[in-house]
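Notes to accompany the following structure.
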Amino acid sequence: MRTQVAIIGAGPAGLLLGALLHKYGVDHVILERQTPDYVLGRIRAGVLEQVAVDLLDEAGVGARMHREGLPHDGFSLAFDGGHHRIDLHGLTGKRVMVYGQTELTRDLMDARRAAGLQTVYSAENVSLSGFDGERPTVHYRHDGQDHEIQADFIAGCDGFHGAARASVPPSAIQNYEKVYPFGWLGVLADVPPVHHELIYANHPRGFALCSMRSKTRVRYYVQCSLDDHVEDWSDERFFAELKRRLPEADAARLVEGPSIEKSIAPLRSFVAEPMRFGRLFLAGDAAHIVPPTGAKGLNLAASDVGLLGRALAEHYRGSDAGIDTYSQRALSRVWKAERFSWWFTSLMHRFPETGEFGRKMQQAELDYLVKSEAAMRSMAENYVGLSLDT
Ligand code: APR
Ligand code: PHB
């Protein structure tokens, strides 16, 4: 088979890149290791920046998001028993859209199917060759047979554990990594949210987050130990711990309900540089991971493929300026989101190793933050997302 762009991975990055390339008239195929149901079963964050919303609109898949998504003009920081609102809209003129990654993935899949675009699910043993020369090739096994795709370019959108980054010689790539000494225990439940906006809580027992997927579905998290096991966290234990970490008024209002999903995620910051190797481009989690505080992962995946989609379209119109600057432009935005996610994580979590001094620093910073308009604006500007070219 021959195509212009072979995309590896049908997560949000691969699917959105496919939708954009289709709009730009660039021919492509997506290869995905898992089944569609498996991809849809992964519960991830759900806060979209304006840049991501605009890209989904540009790709023609934003209709349901605008109908069912919840625009949020602010969020709360909870500490010392109180609530402090960060007025995103007042401080930046922008807002964010709360819309689950599962729903967004479903919209992209439906649009793909309706447009008759090719996605090979359950593609096994995907491997890449020739991307350092003129003839990139992707090999894979499907339905018991070996297949090959010849492409002009390969887009590695296959997540942190994918084949694309792993096929780059180690000497050509530099990895930067920080692993945090705790995880997030998350619960999805069909109950009304405790508050109409998100609450990020800093508490001596650890961080907590009250997020939502809709007006009838919540996503709540508590910071937990990396040694914790989901089986040891009954719903009762989870809600009791969450309530202890929230201001009393919120805890009293919080409605509990049976969990429909419960999982523990480790926290990591990771960046691979560069994001281009000849005719192979990395995008999304294949190139970088952020800790979830601030919900930048999906947004970074979207901004990467926004840049990459335009760059590839420009190539077919005769200019390589976009593909030649892709890595540098994407990384400039990536590092700023890495910095923000690391900072917000450091501000809100209990770090066993920093002790009481660390807690005092957090308290001073939180107190400064909510009293300084300049500090709040800086936080708000990063939370709603920097522009595509920063
Ligand atoms: N061959 C084919 N597909 C693969 C391979 C492989 N060897 N390895 C991984 N994949 C697929 C995965 O099954 C997954 O569906 O690539 C996809 C990568 O999707 P994500 O991990 O969701 O990454 P990305 O699309 O970059 O999205 C980034 O969304 O998933 C969240 O936490 C993530 O919020 C971040 C954002
Ligand atoms: C979520 O809804 O899962 C979520 C929201 C905001 C975050 C992280 C996760 O910062």
Side-chain angles (χ1 to χ4, degrees), residues 6-18 29-49 52 70 72 75 96-105 108-109 119-128 138-142 154-167 184 186-188 193 197-200 207-214 217-221 261 263 265-268 270 282-305 308 337 340-341 344-345 348 383:
I7 300 175
I8 309 179
L15 288 170
L16 180 56
L17 179 61
V29 175
I30 303 186
L31 294 180
E32 165 60 51
R33 181 166 59 185
Q34 306 290 354
T35 63
D37 283 347
Y38 183 97
V39 172
L40 284 173
R42 292 190 292 234
I43 310 291
R44 300 244 174 91
V47 179
L48 300 177
E49 299 172 1
L70 305 172
H72 279 202
F75 64 85
V96 290
M97 177 73 93
V98 171
Y99 190 60
Q101 179 170 320
T102 311
E103 301 312 313
L104 188 152
T105 307
L108 285 161
M109 281 179 170
T119 317
V120 181
Y121 283 98
S122 307
E124 297 164 43
N125 301 342
V126 170
S127 69
L128 294 66
V138 182
H139 316 260
Y140 65 100
R141 205 167 162 77
H142 189 243
I154 303 174
C157 300
D158 50 353
F160 185 64
H161 299 287
R165 195 181 72 252
S167 61
W184 278 20
V187 157
L188 196 65
E197 292 178 343
L198 271 59
I199 304 173
Y200 292 85
F207 169 76
L209 168 60
C210 295
S211 179
M212 65 192 78
R213 292 288 174 272
S214 69
R217 179 168 286 185
V218 297
R219 181 67 167 163
Y220 291 158
Y221 299 94
E261 197 266 356
S263 51
L267 272 70
R268 180 199 301 272
F270 172 86
L282 300 181
D285 278 17
H288 40 73
I289 299 285
V290 284
T293 333
K296 292 292 171 217
L298 175 57
N299 290 297
L300 276 185
S303 55
D304 286 353
V305 301
L308 183 56
F340 177 68
S341 308
F344 199 12
T345 301
M348 300 306 290
Y383 193 90

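In what follows, residues are counted from 1 in the order of the sequence shown. Order of appearance sets the numbers: ligands from 1, and atoms from 1 within every ligand.
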Tabulate distances under 3.5 Å between N/O atoms of ligand 1 and N/O atoms of the protein, writing both atom names on each line.
residue	atom	partner	partner atom	Å
ligand 1	3 (N)	Arg33	N	3.1
ligand 1	8 (N)	Arg33	NH2	3.4
ligand 1	13 (O)	Glu32	OE2	2.6
ligand 1	15 (O)	Glu32	OE1	2.7
ligand 1	15 (O)	Glu32	OE2	3.2
ligand 1	15 (O)	Arg42	NH1	3.4
ligand 1	15 (O)	Arg42	NH2	2.7
ligand 1	22 (O)	Arg44	NH1	3.0
ligand 1	25 (O)	Pro12	N	3.3
ligand 1	25 (O)	Ala13	N	2.9
ligand 1	26 (O)	Asp285	N	2.8
ligand 1	29 (O)	Gln101	OE1	3.2
ligand 1	29 (O)	Gln101	NE2	3.2
ligand 1	30 (O)	Arg44	NH1	2.0
ligand 1	30 (O)	Gln101	NE2	3.0
ligand 1	32 (O)	Asp285	OD2	3.2
ligand 1	34 (O)	Leu298	N	3.1

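- A donor-acceptor pair under 3.5 Å is absent between the side-chain atoms of Asp304 and the main chain of Asp285, judged by distance alone.
- Judged purely by atom type and a 3.5 angstrom limit, Asp158 uses its side chain to pair as donor or acceptor with the backbone of Ala163.
- Both the sub-6.0 Å distance and the 45° axial angle are satisfied by Arg165 relative to the ring of Phe160.
- His142 places a side-chain N or O within donor-acceptor distance of the main-chain N or O of Tyr121, the cut-off being under 3.5 Å.
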Inset, instruction - For side chain to side chain contact (heavy atoms under 4.5 Å, CB included), just list the numbers for Trp184 and Leu209, CA-CA rounded to whole Å, side-chain angles, deciding distance to a tenth of an Å, and then say yes or no. - result: CA-CA 9 Å; Trp184 278 20; Leu209 168 60; 3.8 Å; yes
Legend entry - Verdict with reasoning, His72 to Val47, per side chain to side chain contact (heavy atoms under 4.5 Å, CB included): CA-CA 9 Å; His72 279 202; Val47 179; over 6 Å; no
Inset, instruction - Dump the intermediate steps for side chain to side chain contact (heavy atoms under 4.5 Å, CB included) on Ile43 and Ser263, then the final yes or no. - result: CA-CA 9 Å; Ile43 310 291; Ser263 51; 5.8 Å; no
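- Lys296 places no side-chain N or O within donor-acceptor distance of the main-chain N or O of Ile289, the cut-off being under 3.5 Å.
- The residues lining ligand 2, counting any heavy atom closer than 4.0 Å, are Ala45, Gly46, Val47, Trp184, Leu198, Tyr200, Leu209, Ser211, Arg213, Arg219, Tyr221, Pro292, Thr293, Gly294, Ala295.
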Inset, instruction - Could you please spell out the steps behind the side chain to side chain contact (heavy atoms under 4.5 Å, CB included) verdict for Thr293 and Ser341? - result: CA-CA 6 Å; Thr293 333; Ser341 308; 5.8 Å; no
